[in-house]
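Single-structure report; data block below.
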Amino acid sequence: MRTRVAPSPTGAPHIGTAYIALFNYAFAKHHGGQFILRIEDTDQTRSTAASEQAILDALRWIGIPWDEGPDRGGAHAPYRQSARTDIYLEHVRKLTESGAAYPCFCTAARLAELRRSQAGTDNSGYDGCCATLDPAQAARRAAAGEPHVVRLRIPTDGECVMQDRLRGAIRIPWHKVDHQVLLKSDGYPTYHLANVVDDHLMGISHVIRGEEWLSSLPKHLLLYQAFQWQAPEFVHLPLLRNPDKSKLSKRRNPTSILYYQRAGFLPEALINYLGLLAYSFPDGREEFTLAQLAENFDIDRVSLGGPIFDLQKLRNFNGRYLRGLPPAELWHRLQDWLLRDEVWQQIVPLAQPRLSQMTDLVPQAAFLFADRLDYAPDQLIKTAPGGDAAALARLLKTAQWEMEKLPEWDNAAVRDLFNRLATVENLKLKQLMPPFYVAVTGAPVGLPAFDAMVQLGRDMTLRRLQYALETLETGGVALKGRQLKEFTAAYQAAYGSPA
RNA sequence: GCGCCCAUCGUCUAUCGGUCAGGACACCAGGUUUUCAUCCUGGGAAGAGGAGUUCGACUCUCCUUGGGCGUGCCA
């Protein structure tokens, strides 16, 4: 048995990645198999090396080990898709030669127009315009360098019958399946192609992934068939949800593993809690280790209802683990977290100019060791530039989006960000910063703002801005629904798309 | 709009045709504790609705409703 987790290195390491990894690991290890980590960086515009590193670090921190991966190699290396383009090209060639796939020369403009014309109708997806091109002629155009993609040819009628381990047989009419792009015009494969090729080549026996992939399964099955490969078994796990039941997103919840690390959660508590969502032991046991989960794991006991990620219960479990530690061990954990020399060596120089007694140090630095800060809505609102609380909410949102886009998180980057923000918003830095200062430190005065954010780290800073937005909501200032939608458009016009 | 998936306390879940529908988080009450927290005890709290199958349905089937995902040269 071989399973894998295949995260895309775009943005912060997602808690959902850990959740999927956990079940893949538990299943593989229960059966004495291997668990593989593969990086799916086929989106050249969004993938970053920093994000890949963060994913590896986060998975390592949470304690789910992989047998093969980009950092340690393995019999099926490389484990980074951007290093496997030759393999995909070769496979795409086979598909076009057999007619299972075809070149498509449609422009982005035509596709956009097509989508517009389909709005509100029963139809969606590519209209098959290039599917009927003469293969020889199309091949000549492609060879001549005409920009094109390669699409998967879908049967025109009948239905696809697929098997999901947890749901049984699922039927989807073929005419509802899109002629998926397999090879982009930049020469990189899409997820669908790379994923199938790699899963086969890497000997993956069970594909355990999020439910969001269920509707693409027909395409994947068709690819296995076109290559004449034995398809693996598929297991679609329920998606983690926000309290409002929508797919877990950073809009309403912290989704970065780095946030949980910084906020003082223990990896074993996080794993335990994640395992509790969608899985239950036959004996009703709720506290368990990764090894115990793997030992007892029975994939057929996975439940299908989309579980709401409940921070309250996570906190409760984290508390149990924390309180159960021998004091000496707890002290080690606290040191691993933030109570170590190198952290204080950064903080002390920042606090020094503001000291009159040594007792001033810890209170001034306390915000660095907290999660949610306690301040009243008014404390924040009174710092709003021009006294406009609604505008302040938009400012906080803008800052969040801009922070997410930052390639580096250091003093210069943060300073540049706020200077840019001040310029675009036509504010003096002095007017702009006070509310951010309250949001980040919970007080109107203290350590320098940019240093405070750098010390706090990006994920916790982002979280603090979120808390500020929530505080504004309790103060009657909400940025959501239609207003948020309109503001998002305005933001994009002024700053470009969010990350 | 269309396709697919899902449906037990507020939340996470147990139950695989016969249970007073169990546990955990949260909440409420009481107790232990110099405070607080911990801890202990107790309490309220659920099978979305409607048909069917069956001696008997939370459990099987169908419909309705609700929720989710998908509908990208993103994964």
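Chain identifiers are assigned alphabetically (A, B, ...) following the order of the sequence lines, protein sequences preceding nucleic acid strands; residue numbering begins at 1 within each chain.
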Could you pull out all residues at least two apart from A:D298 that satisfy side chain to side chain donor-acceptor pair (under 3.5 Å)?
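By the side chain to side chain donor-acceptor pair (under 3.5 Å) rule, A:D298 matches no residue at all.
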
For A:Y102, all residues meeting side chain to side chain donor-acceptor pair (under 3.5 Å), sequence neighbours excluded:
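Result, side chain to side chain donor-acceptor pair (under 3.5 Å) vs A:Y102: A:H179.
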
Could you give all pairs that pass the salt bridge (charged side-chain N to carboxylate O under 4.0 Å, His left out) test and reach residues 253-279 of chain A, with sequence neighbours left out?
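Checked against salt bridge (charged side-chain N to carboxylate O under 4.0 Å, His left out) - neighbours excluded - the pairs reaching residues 253-279 of chain A are A:E268-A:R333.
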
Salt bridge (charged side-chain N to carboxylate O under 4.0 Å, His left out) contacts touching residues 116-125 of chain A (sequence neighbours left out):
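Non-adjacent pairs meeting salt bridge (charged side-chain N to carboxylate O under 4.0 Å, His left out): A:E113-A:R116.
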
Identify every side-chain donor-acceptor pair in residues 123-131 of chain A under 3.5 Å, counting partners at least two apart or on other chains, and give the distances.
residue	atom	partner	partner atom	Å
A:Y126	OH	A:C130	N	2.9
A:D127	OD1	A:C129	N	3.1
A:D127	OD2	A:R110	NH2	2.5

Which residues pass the ring pair (Phe, Tyr, Trp, His ring centres under 6.0 Å) test with A:Y79, not counting sequence neighbours?
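Scan of A:Y79 (ring pair (Phe, Tyr, Trp, His ring centres under 6.0 Å), adjacent residues dropped) gives none.
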
Mark up nucleotides 69-75 of chain B, 5' to 3', with B wherever a protein heavy atom is under 4.0 angstrom from a base atom, S wherever such an atom reaches only the sugar-phosphate, and - elsewhere.
SSSSBBB

List the protein contact pattern of nucleotides 24-46 of chain B with one symbol per nucleotide (5' to 3'): B for base contact, S for sugar-phosphate-only contact, - for none; contact means a heavy-atom distance under 4.0 Å.
BSS-----------SS-------

Interface residues of residues 277-285 of chain A with RNA chain B (non-hydrogen, below 4.0 angstrom):
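The answer is A:L277, A:A278, A:S280.
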
Please list, in numerical order, the residues of residues 47-73 of chain A that have a heavy atom closer than 4.0 Å to any atom of RNA chain B.
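Under 4.0 Å from RNA chain B: no residue of residues 47-73 of chain A.
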
Pairs in or reaching into residues 153-162 of chain A: which pass side-chain hydrogen bond (donor to acceptor under 3.5 Å, both in side chains), with residues at least two apart or in two chains?
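Every pair satisfying side-chain hydrogen bond (donor to acceptor under 3.5 Å, both in side chains) with a residue in residues 153-162 of chain A: A:E159-A:R171.
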
Could you pull out all donor-acceptor pairs under 3.5 Å where a side-chain atom in residues 216-226 of chain A meets a protein atom, sequence neighbours excluded?
residue	atom	partner	partner atom	Å
A:K219	NZ	A:Q180	OE1	2.7
A:H220	ND1	A:R209	NH2	2.8
A:H220	NE2	A:H192	ND1	2.8

